[in-house]
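Each remark here refers to the structure printed beneath this line.
Remember, it's 1-based here, ligands and their atoms both numbered in the order they're listed. Quantities reported herein were computed from a predicted structural model and do not represent experimental measurements.
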Amino acid sequence: MRISVIGCGYLGAVHAACMAKLGHDVVGVDVDANKISELSAGRAPFFEPGLEELLQEVQSTGRLSFVTDMSATEGSQVHFVCVGTPQKKGENAADLRYVDSAITALTPYLSPGDLVVGKSTVPVGTAARLAELVKSQQPSADLVWNPEFLREGHAVSDTLQPDRLVYGVHDGSEQHDAVKILDAVYAQPLEAGTPRLVTDLPTAELVKTAANSFLATKISFINAMAELCDAAGADVSLLADAIGMDDRIGRKFLNAGIGFGGGCLPKDIRAFMARAGELGADQALTFLREVDAINMRRRTRVVELTREVCGGSLLGQRITVLGAAFKPESDDVRDSPALSIAAQLQLQGAVVTVTDPEALGNAARRFPELHYEASTDEALRRADALLLLTEWREYRDLDPYETAAKVSGLKILDGRNVLDPTKWRAAGWTYRGLGRP
Ligand code: UGA
């Protein structure tokens, strides 16, 4: 099939490459000329494992191209809308200007029978409004919603082998024409057994925000338990292992630590609360305010704990922060708890050095006032205390004896509870985890 993908960020670039991998002819469109020239040269404009190899593989088949000109969408039968929906400045609601302008720019190029497929995370009700807009310009085109559940760091495999496909269509019916078209787009994952659900438009939009809210709630739940464990002298990691063995609960997303960040969970729960308010259902989601508050408290907690570990004052303490990305296998620093903690420590008088295997460029653009060091060895040198804040493999694998020889003070705060406290203590370190005795 001929497919266009509008918006070539984390979601769109991966989606375009994966659609070409599935055998379709794909054109990716973005207003950012730099991004387009990188992608056209087979380079990923951000760090995502496997993406660059995939771009090069599919580009050599001639099935994938990237352009800035929207007119290139003409002739595609399916148009995926993959632009961002960030948080509005100064408000909780989602900023829909990129979605709106993508649809407005696309409609002149739609032909009868074309299908516009929204993938961006949007407030419930958006799809119905946009469907009207599409119909007003091209009465025999249609708009459906097909939310995306990919995780950064696993984006390629999540797109090629999704755990489910959700098609939101106007009447919620399996017989809707769009279902057949999307089944053809996703023929390979469907043949491999991926379950697919057909819903109406608002349900499809809500599936996405509900899923992210549930994940955020799970993380904040275990972080609330970590607060309690700290108060009671219990161990939240063992608690999570034990409750996670109940398969109604499950162990995944129960890792206590410095909390969630990134370009999705924080802004999605806020936009969800804002939308519920508009719909007069705000009470249903007031618990998300608590989820957000627990999450933000983690950052303050780590600053306080660092002060404690440093003997009561941060002034002049040389602190090395291991990890800047919001999670490992990503160079994304949007709302990164690690960077937010690093900045707080510096504001309170510590001398902070931040290191990360992939995210330093993005980190320096966001927090230019922090000091960055690309080499882990250099970053460790003469540190009074270490903070492990993003659990990259190389930090999890640090050897406590070898590390001890490089630093000034044997103090480590494990913000992700990934190190073995016994091993580190045996090597002479003062080890502190979060919610661990
Ligand atoms: C999230 C969802 O997991 C995806 O399903 C969704 O498609 C995506 O948002 C989106 O809306 O586009 P992502 O933002 O890539 O994916 O990151 P997650 O893997 O969900 O991690 C989010 C944050 O939670 C990270 O900061 C991570 O360190 C933290 N986390 C995760 C914990 O603190 N504890 C855990 O147990 C798990």
(request) Considering the heavy atoms of Glu148, write down every atom of ligand 1 situated less than 4.0 Å from one of them. (result) 7 (O)

(request) State the atoms of ligand 1, each with its element, that fall below the 4.0 Å cut-off from a heavy-atom position in Glu152. (result) 15 (O)

(message) For a quick test of reading the model, state the closest non-hydrogen atom pair linking Gly168 to Leu201 and the distance between them.
(response) O-CD2, 3.3 Å

(message) Can you give me the closest heavy-atom contact between Val198 and Ser173, atom names plus distance?
(response) CG1-O, 3.7 Å

(message) So for Lys218, does at least one of its heavy atoms come nearer than 4.0 angstrom to any atom of ligand 1?
(response) no

(request) Please assess Tyr167 against Asp183 for the test side chain to side chain donor-acceptor pair (under 3.5 Å), listing each intermediate value before the final yes or no. (result) CA-CA 10 Å; Tyr167 305 168; Asp183 279 353; 2.9 Å; yes

(request) Could you tell me whether ligand 1 has any atom less than 4.0 Å away from a heavy atom of Asp268? (result) yes

(request) Please report which non-hydrogen protein atom sits nearest to atom 34 (N) of ligand 1, along with the residue it belongs to and the distance in Å to one decimal place. (result) Asn255 O, 3.0 Å

(message) How far is atom 23 (C) of ligand 1 from the closest protein heavy atom, and which atom is that?
(response) Phe260 CB, 3.5 Å

(request) Output yes when a side-chain donor or acceptor of Glu48 lies under 3.5 Å from a complementary backbone atom of Gly153, and no otherwise. (result) yes

(request) Look at atom 31 (C) of ligand 1 and say which protein heavy atom is nearest, naming residue and atom and giving the distance to 0.1 Å. (result) Ile219 CD1, 3.5 Å

(message) Test of understanding: given a 4.0 Å heavy-atom threshold, classify the contact between Leu215 and ligand 1 as side chain, backbone, both, or neither.
(response) side chain

(message) With a 4.0 Å cut-off on heavy atoms, is Arg416 in contact with ligand 1?
(response) yes

(request) Please test Ser4 against His79 for side chain to side chain donor-acceptor pair (under 3.5 Å), starting from the C-alpha separation and ending with a verdict. (result) CA-CA 5 Å; Ser4 73; His79 310 268; 2.8 Å; yes

(request) Name the closest protein heavy atom to atom 5 (O) of ligand 1, giving the residue it belongs to and the distance to 0.1 Å. (result) Phe149 O, 2.9 Å

(request) Would you please say whether a donor-acceptor pair under 3.5 Å links the side chains of Thr85 and Lys267? (result) yes

(request) Say whether Gly259 and ligand 1 are in contact under the criterion: heavy-atom distance to a ligand atom below 4.0 Å. (result) yes

(request) Around atom 13 (P) of ligand 1, find the nearest protein heavy atom and jot down its residue, atom name and distance. (result) Lys327 NZ, 3.8 Å

(message) Under a 4.0 angstrom heavy-atom cut-off, which atoms of ligand 1 come close to Leu254?
(response) 36 (O)

(request) Just say parallel, tilted or perpendicular for the rings of Trp429 and Trp424, cut-offs at 30° and 60°. (result) perpendicular

(message) Quick check: closest heavy atoms across Ala364 and Tyr372, and the distance to 0.1 Å?
(response) CA-CE1, 3.5 Å

(message) For a quick test of reading the model, state the closest non-hydrogen atom pair linking Leu143 to Ala127 and the distance between them.
(response) CD2-O, 3.5 Å

(request) For ligand 1, note which part of Leu150 has a heavy atom under 4.0 Å away: side chain, backbone, both or neither. (result) backbone

(request) Write out the residue and atom name of the closest protein heavy atom to atom 20 (O) of ligand 1, then the distance separating them to 0.1 Å. (result) Phe253 CZ, 3.3 Å

(request) Around atom 26 (O) of ligand 1, find the nearest protein heavy atom and jot down its residue, atom name and distance. (result) Phe326 O, 2.9 Å

(message) Once you restrict to heavy atoms under 4.0 Å, what part of Lys208 touches ligand 1? Side chain, backbone, both or neither.
(response) side chain

(request) Taking all non-hydrogen atoms of both residues into account, name the closest pair between Ser340 and Arg299 and its distance. (result) OG-CD, 3.4 Å

(message) Below a 4.0 angstrom heavy-atom separation, can you tell me which part of Thr390, side chain or backbone, both or neither, approaches ligand 1?
(response) neither

(message) What's the separation between atom CZ in Phe367 and atom CD in Glu369, rounded to the nearest 0.5 Å?
(response) 6.5 Å

(message) Parallel, tilted or perpendicular, judged at 30° and 60°: which one describes the rings of Tyr10 and Phe46?
(response) tilted

(message) Among all the protein's non-hydrogen atoms, which is closest to atom 16 (O) of ligand 1, and how far away is it?
(response) Arg151 CA, 4.0 Å

(request) Answer with yes or no whether Cys264 contacts ligand 1, where contact means a heavy atom under 4.0 Å from a ligand atom. (result) yes

